[in-house]
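Here the structure is a predicted model, which means the values were calculated and not measured. Just follow the structure's listing: the first ligand is 1, and inside any ligand the first atom is 1. When reading the values below, keep in mind they use all heavy atoms of this one structure, side chains included, and skip hydrogens, waters and symmetry mates.
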Amino acid sequence: MLRYLTAGESHGKALVAILEGMPAGLKLDSARINLELKRRQQGIGRGKRMQIEKDKARIISGLRKGVTLGSPIALCIENKDFSIERLPRVTCPRPGHADLAGLLKYGFTDARNVLERASARETASRVGIGAICRIFLEEFKIRISSAVLSIGGEFTRLAMIKKIIEAKDNKDTVGGIFEVIARGVPCGLGSYMHPDRRLDGRIAQAAMSIPGVKGVEVGLGFGYADNFGSSVHDAIYHTKNKGYFHKTNNAGGIEGGISNGEDIILCACMKPISTLLEPLDSVNVITKRPSKASVQRSDICVVESAGVIAESVLAYVLADAFLEKFGSDALADIKDDYHNYLKRLR
Ligand code: EPS
């Protein structure tokens with residue numbers, strides 16, 4: 001139903017994104033998109049680039065008088081640090097980054113050619129796309145939020161902050177775990193009819209595609225493995241007022257690849273940023289001699305930002321699945337269809 005493409009290098013002229021398939025009749029406020037872009041730039045542990053950039057999306061197409069036409073929506077986010085042509089070569093790949101695999105795959109000897117696109121700066125485009133999807137979902141009272149659960153194995157806010165400061169003082173980096181919740185999602189998005197329609201599979205792919213994410217769980221996730229079935233499956237209840245419901249939500253809102261009407265909950269873990277100020281061993285790809293990895297300006301911790309990015313990619317997946325279920329041309333028709341469906345469920 002929906003599809004998108006992003007383009008742009010970290011230090012290129014701009015990041016661009018095109019979203020196709022948004023229905024006609026949706027009011028889009030660029031201030032709302034910019035608010036999400038700003039949220040992505042925040043968090044303790046962000047690097048100096050975030051002080052340079054003030055990400056703002058220009059809406060290039062798809063709107064008339066602030067309302068969607070049903071045509072592709074194009075966004076452009078200009079880079080203040082547009083320096084790609086004059087940046088020096090990077091010849092000692094950073095362990096953990098795309099540098100070495102990218103060099104070998106594409107036949108480069110300068111990892112700058114790799115890191116410019118592999119950089120997480122690309123996620124600004126996805127947050128722009130996700131913001132449009134959130135505005136759409138909010139028409140149906142679906143809301144998405146995120147929270148940092150842990151940093152470097154610490155679970156309280158103060159200890160997490162201390163861990164980031166410790167990483168900074170040691171010229172190191174640190175990862176963590178974040179949680180994303182979508183509330184108000186109706187039962188029936190996604191399907192078991194074919195593997196690529198399963199909602200949990202689609203969400204996992206989207207979350208895993210965020211740079212640095214190494215693990216994704218839905219609901220109880222890996223915790224299922226430690227328990228008997230009788231203690232983890234969410235029993236089913238029904239009242240006239242509520243319809244069907246569960247008192248627990250270990251499934252994280254998805255059963256059989258379909259949303260079940262409960263909150264959709266996912267957790268993901270993010271590895272520590274791979275650019276280290278005290279670099280690890282590497283090899284110079286020109287001389288093939290041992291060398292320390294190249295040092296680039298980078299962040300110390302981006303777990304909070306990753307949560308915002310995960311909210312955005314979840315918004316995209318949910319909007320896509322919603323349009324599959326309820327039609328995709330005109331917002332007013334989709335609302336009629338949705339309300340009829342809710343009546344049937346009750
Ligand atoms: C990022 C911009 C980048 C990095 C970061 C994400 O800016 P620069 O490379 O100019 O400092 O701060 O990139 C990475 C973490 C990475 O691994 O490439 C951004 O806008 O999010």
Where ligand 1 meets Arg297 - atom numbers and elements under 4.0 angstrom, heavy-atom basis: 8 (P), 9 (O), 10 (O), 11 (O)
Arg344 versus His339, side-chain donor and acceptor atoms under 3.5 Å: no
Rounded distance [0.5 Å steps], CG in Leu2 versus CD in Glu324: 9.0 Å
Heavy-atom gap Arg40 to ligand 1 smaller than 4.0 Å: yes
Atom 13 (O) of ligand 1 - nearest protein heavy atom and its distance: Ser119 OG, 3.4 Å
Student check: side-chain heavy atoms of Ile52 and Lys48 closer than 4.5 Å: no
Interatomic spacing from CG in Asp110 to CD in Glu116 - rounded to 0.5 Å: 9.5 Å
Please list, one pair per line, the donor and acceptor atoms closer than 3.5 Å that link side chains of residues 250-261 to other protein atoms, with sequence neighbours excluded.
{"residue": "Asn250", "atom": "ND2", "partner": "Val232", "partner atom": "O", "Å": "2.9"}
{"residue": "Glu255", "atom": "OE1", "partner": "Asn260", "partner atom": "ND2", "Å": "2.9"}
{"residue": "Ser259", "atom": "OG", "partner": "Pro186", "partner atom": "O", "Å": "2.6"}
{"residue": "Ser259", "atom": "OG", "partner": "Gly188", "partner atom": "N", "Å": "3.1"}
{"residue": "Ser259", "atom": "OG", "partner": "Leu189", "partner atom": "N", "Å": "2.8"}
{"residue": "Asn260", "atom": "OD1", "partner": "Glu262", "partner atom": "N", "Å": "3.0"}

Identity and distance of the protein heavy atom lying nearest atom 14 (C) of ligand 1: Ala120 N, 4.0 Å
Polar contact flag for Ser298 and ligand 1 (N/O pairs, less than 3.5 Å): no
Parallel, tilted or perpendicular, as decided by the 30° and 60° cut-offs, for the rings of Phe322 and Phe136: perpendicular
Option with minimal heavy-atom separation from atom 12 (O) of ligand 1, where the choices are Asp299, Ile309, Ile52, Asn79: Asp299
contact_flag Lys48 ligand 1 heavy-atom lt 4.0 Å: no
For Arg46, atoms of ligand 1 separated by under 4.0 Å from a heavy atom: 21 (O)
Cation over ring face, Lys242 and Tyr237, 6.0 Å, 45°: no
Ligand 1 contact on Thr275 by region, counting heavy-atom pairs under 4.0 Å: neither
Proximity of Ile273 to ligand 1 by residue part, where a heavy atom lies under 4.0 Å: side chain
Option set His11, Gln41, Gln296, criterion heavy-atom distance to atom 9 (O) of ligand 1, minimum: His11
Shortest protein heavy-atom distance from atom 16 (C) of ligand 1, along with the residue and atom involved: His97 NE2, 3.6 Å
Within reach of ligand 1, part of Arg49 (heavy-atom separation under 4.0 Å): side chain
Nearest-0.5 Å distance, CD1 of residue Ile84 to CD of residue Glu9: 5.0 Å
Glu53 near ligand 1 by a heavy-atom separation under 4.0 Å: no
Ignoring hydrogens and angles, write down the donor-acceptor pairs under 3.5 Å from the side chains of residues 120-135, residues two or more places apart or on other chains.
{"residue": "Arg121", "atom": "NE", "partner": "Asn79", "partner atom": "OD1", "Å": "2.8"}
{"residue": "Arg121", "atom": "NH1", "partner": "Asp55", "partner atom": "OD2", "Å": "3.3"}
{"residue": "Arg121", "atom": "NH2", "partner": "Asp55", "partner atom": "OD1", "Å": "2.6"}
{"residue": "Arg121", "atom": "NH2", "partner": "Asn79", "partner atom": "OD1", "Å": "3.1"}
{"residue": "Glu122", "atom": "OE1", "partner": "Arg126", "partner atom": "NE", "Å": "3.1"}
{"residue": "Glu122", "atom": "OE1", "partner": "Arg126", "partner atom": "NH2", "Å": "3.0"}
{"residue": "Glu122", "atom": "OE2", "partner": "Thr6", "partner atom": "OG1", "Å": "2.9"}
{"residue": "Glu122", "atom": "OE2", "partner": "Arg126", "partner atom": "NE", "Å": "3.3"}
{"residue": "Thr123", "atom": "OG1", "partner": "Arg40", "partner atom": "NH1", "Å": "2.9"}
{"residue": "Thr123", "atom": "OG1", "partner": "Ala120", "partner atom": "O", "Å": "2.6"}
{"residue": "Ser125", "atom": "OG", "partner": "Glu122", "partner atom": "O", "Å": "3.4"}
{"residue": "Arg126", "atom": "NH1", "partner": "Ser209", "partner atom": "OG", "Å": "2.9"}
{"residue": "Arg126", "atom": "NH2", "partner": "Ser209", "partner atom": "O", "Å": "3.1"}
{"residue": "Arg134", "atom": "NH1", "partner": "Glu311", "partner atom": "OE1", "Å": "2.8"}
{"residue": "Arg134", "atom": "NH2", "partner": "Ile144", "partner atom": "O", "Å": "3.0"}
{"residue": "Arg134", "atom": "NH2", "partner": "Glu311", "partner atom": "OE1", "Å": "2.8"}

